[in-house]
**Q** 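My structure is below; once you've seen it, I'll send some questions.
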Amino acid sequence: MAKDKKVIVVGAGLVGSLLACYLGRRGYSVDLYERRPDPRSADVERGRSINLALSERGLDALRRIDLVDSVMAPALPMHGRMIHGIDGTTTFQSYSAGGDRAINSISRSLLNETLIDAAEATPGVSIHFNARLASYDLASNTLTFQTAGVTESRVADIVLATDGFGSIVRQELQSAGRVSVVTDRLDFGYKELTIPPKDGEFALDPDALHIWPRGASMMIALPNPDRTFTCTLFWPKTGDDGFDALSSEQQILEHFGRVYADAVPLMPTLVEDYQYNPVGLLATIHSDPWQVDGKVALVGDAAHAILPFFGQGAMCGFEDVVELDRCLAEVDDDWTLALPMYQERRRHNAEAIAQLAKENFVEMRDKVNSKLFLATKQFEHTLEKLLPGTYLSRYEMVSFTTIPYAEVVERSRKQQRLLAVAAGGAVLAVAAAATALIRKASGADD
Ligand SMILES: Cc1cc2nc3c(=O)[nH]c(=O)nc-3n(C[C@H](O)[C@H](O)[C@H](O)COP(=O)(O)OP(=O)(O)OC[C@H]3O[C@@H](n4cnc5c(N)ncnc54)[C@H](O)[C@@H]3O)c2cc1C
């Protein structure tokens, strides 16, 4: 019986805890190991991204196991972007043609805790906290964990690695020559700052994702249920505009006063936050293959960490879980078939969103500020209204549907080509009409 197989999931982050829920529901006995203490009784690490944008792909995964209501209860919908110009002006850009669709700001730790609660409540799932995977041996499928100074080895039938960006399982598979990994590091890092409530209320409009696009860098802010905003700086690590360039109180206040002037009065702890919060790294991980011998697979960031500029990293990991569950269902839980099938269906999609996320950085930090960008967005919304379900903007497809990412890329390329042809046709038609008018006025046609 396939369901007698002993499954070990490494990493009880967002993806691992969701995966344990799905596998438990399929009838598996699952051991979920996590190096950190139980987050429900421990403090959140300072500087780890505090909130996340949750959109349709994640909601779909949660809906399938009846978790959407509990996750969404504290969520804050954001119906568009609020662009903060350097002169302090603000412009709202709706995410959808009808203005009705929203992405949702949720607390990362609350989401993780809800998923851990759900995993714990699922029959067959056992969670082990404070258990750090120290090594993994592929030949024997043996995992060695360190728990409070004690070393414990466990042999599994199936190992699913959801141990994130720095995955030990992935590193071990790479060392064994079975997985090749390319890490594409960005010269930018991120740092989080806070905007507290003002007179007990949100200091900015909570219905928007706020962006201060500044060409080579940017700051964004997402609302939290406690009426604070978490701001994230995405800056070069070094150079004149980089994190390294500012350290003293005077430098920090002078720079922010010049570049984010409207935000400074809202940030009483700016200097302290800037000086003490760490700079996080940003990179894309491309790994291939994602599974070896039908007995070990990489899932979520362990397989494909991406840049955060489309708000899709966790969403993509949640889709991995749904797909893996679907593959198991299709092949009667034969893991030797299901794992290659999962990889085949997901890998190119993860590559597609990795590329889109990279491109979206330029859009967010630079293009959103331009009149051409605004006009294009408005034109796209008009097309979406005129051709409902036929024309869908790239943002709409990524955030508000579950159309596979690779198909999104293909479809938006086709749409761009059609738009270019239509625009070319419109220019030709205008030119022809103008020529006819000029000829008529000059009597050339008489
Ligand atoms: C600044 C920023 C903003 C982001 N915003 C968004 C967003 O808006 N929307 C979105 O969808 N995504 C967003 N992401 C991406 C998202 O955070 C990740 O894609 C997501 O957390 C991946 O989940 P995961 O479970 O695969 O990995 P992780 O969340 O990294 O979880 C891995 C887990 O494994 C554990 N672990 C690691 N090593 C070991 C070990 N050796 N032994 C045992 N346990 C181990 C870790 O402690 C952790 O709990 C953002 C990322 C960043 C950096």
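A quick note: this is a predicted structure, and the numbers were derived from the prediction, not measured. Sequence positions, counted from 1, serve as the residue numbers for this chain. Note that ligands are numbered from 1 as they come in the structure, with each ligand's atoms numbered from 1 the same way.
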**Q** Who's closest to atom 52 (C) of ligand 1 heavy-atom-wise, of G300, G311, S55, P308?
**A**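 The nearest heavy atom belongs to P308.
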
**Q** Heavy-atom distance under 4.5 Å between the side chains of W235 and V279, does that happen here?
**A** no

**Q** For a side chain to side chain contact (heavy atoms under 4.5 Å, CB included) check, start with the C-alpha distance between W335 and L328, then their side-chain angles and the critical distance, and finish with the verdict.
**A** CA-CA 7 Å; W335 287 83; L328 285 165; 3.6 Å; yes

**Q** Return yes or no for this condition: an N or O of E34 is under 3.5 Å from an N or O of ligand 1.
**A** yes

**Q** Tell me the contacting part of R108 for ligand 1: side chain, backbone, both, or neither, using a 4.0 Å heavy-atom threshold, strictly below.
**A** side chain

**Q** In ligand 1, which numbered atoms sit nearer than 4.0 Å to a non-hydrogen atom of M315?
**A** 11 (O)

**Q** Hey, could you give me the CG/OH distance between D333 and Y28, rounded to the nearest 0.5 Å?
**A** 3.0 Å

**Q** A53 to ligand 1: N or O pair under 3.5 Å?
**A**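 Min N/O separation from ligand 1 is below 3.5 Å for A53.
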
**Q** Would S167 count as a contact residue for ligand 1, given that I'm defining contact as a non-hydrogen atom of the residue lying under 4.0 Å from a ligand atom?
**A**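 In this structure, S167 fails to qualify as a contact of ligand 1 - no heavy atom is under 4.0 Å.
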
**Q** Ignoring angles and geometry beyond distance, decide whether V10 reaches within less than 3.5 Å of ligand 1 through its nitrogen or oxygen atoms.
**A**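 V10 vs ligand 1: no N/O contact under 3.5 Å.
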
**Q** In ligand 1, which numbered atoms sit nearer than 4.0 Å to a non-hydrogen atom of V15?
**A**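 Those atoms are 23 (O), 24 (P), 25 (O), 26 (O).
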
**Q** Of the backbone atoms (N, CA, C, O) and the side-chain heavy atoms from C-beta on, which set of A134 has a member under 4.0 Å from an atom of ligand 1: side chain, backbone, both, or neither?
**A**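 Neither; no heavy atom under 4.0 Å.
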
**Q** Under a 4.0 Å heavy-atom limit, does R36 contact ligand 1 with its side chain, its backbone, both, or neither?
**A** side chain

**Q** If you take all heavy atoms of E384 and A97, which pair is closest and at what distance?
**A** OE1-CB, 3.6 Å

**Q** Using a strict cut-off of 4.0 Å, indicate which atoms of ligand 1 neighbour a heavy atom of G13.
**A** 25 (O), 31 (O), 33 (C), 49 (O)

**Q** With a cutoff of 4.0 Å, is T232 in contact with ligand 1, counting heavy atoms of the residue only?
**A**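 Not so, T232 does not reach ligand 1.
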
**Q** Any idea which part of T162 is under 4.0 Å from ligand 1, heavy-atom wise: side chain, backbone, both or neither?
**A**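 Answer for T162: backbone.
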
**Q** Mark up the atoms of ligand 1 that fall under 4.0 Å of a heavy atom belonging to G164, in ascending order.
**A**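 Checking each atom against G164, I get 27 (O), 30 (O), 32 (C).
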
**Q** How long is the span from the OG1 atom in T144 to the CG atom in L133, to the nearest 0.5 Å?
**A** 7.5 Å

**Q** Among R347, R345, R64, whose salt bridge (Lys or Arg N to Asp or Glu O under 4.0 Å) with E323 holds?
**A**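 The passing option is R345.
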
**Q** Specify side chain, backbone, both or neither for I168, according to which of its non-hydrogen atoms lie closer than 4.0 Å to ligand 1.
**A** side chain

**Q** Salt bridge check, D117 against R40: does any charged N sit closer than 4.0 Å to a carboxylate O?
**A**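 Yes, charged N to carboxylate O under 4.0 Å.
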
**Q** Quick one: which ligand 1 atoms are inside 4.0 Å of a heavy atom on R132?
**A**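 Counting atoms of ligand 1 from 1, those under 4.0 Å from R132 are 41 (N), 42 (N).
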
**Q** Rounded at 0.5 Å granularity, tell me how far CG in D31 sits from CZ in R154.
**A**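 D31 CG to R154 CZ: 4.5 Å, rounded to 0.5 Å.
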
**Q** Using a 4.0 Å cutoff against the non-hydrogen atoms of G313, which atoms of ligand 1 qualify?
**A**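 Reading through ligand 1 atom by atom, the close ones are 10 (C), 11 (O), 12 (N), 15 (C), 19 (O).
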
**Q** Are side-chain N/O atoms of Y405 and E351 paired as donor and acceptor at under 3.5 Å?
**A** no

**Q** Let's go through Y274 and L233 carefully: what are the C-alpha distance in whole Å and the side-chain angles of both, what is the deciding distance for side chain to side chain contact (heavy atoms under 4.5 Å, CB included) to 0.1 Å, and is it a yes or a no?
**A** CA-CA 10 Å; Y274 188 91; L233 302 171; 3.9 Å; yes

**Q** Is it true that E172 and R178 have a side-chain N and a carboxylate O under 4.0 angstrom from each other?
**A**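 Salt bridge between E172 and R178, a charged N being under 4.0 Å from a carboxylate O: no.
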
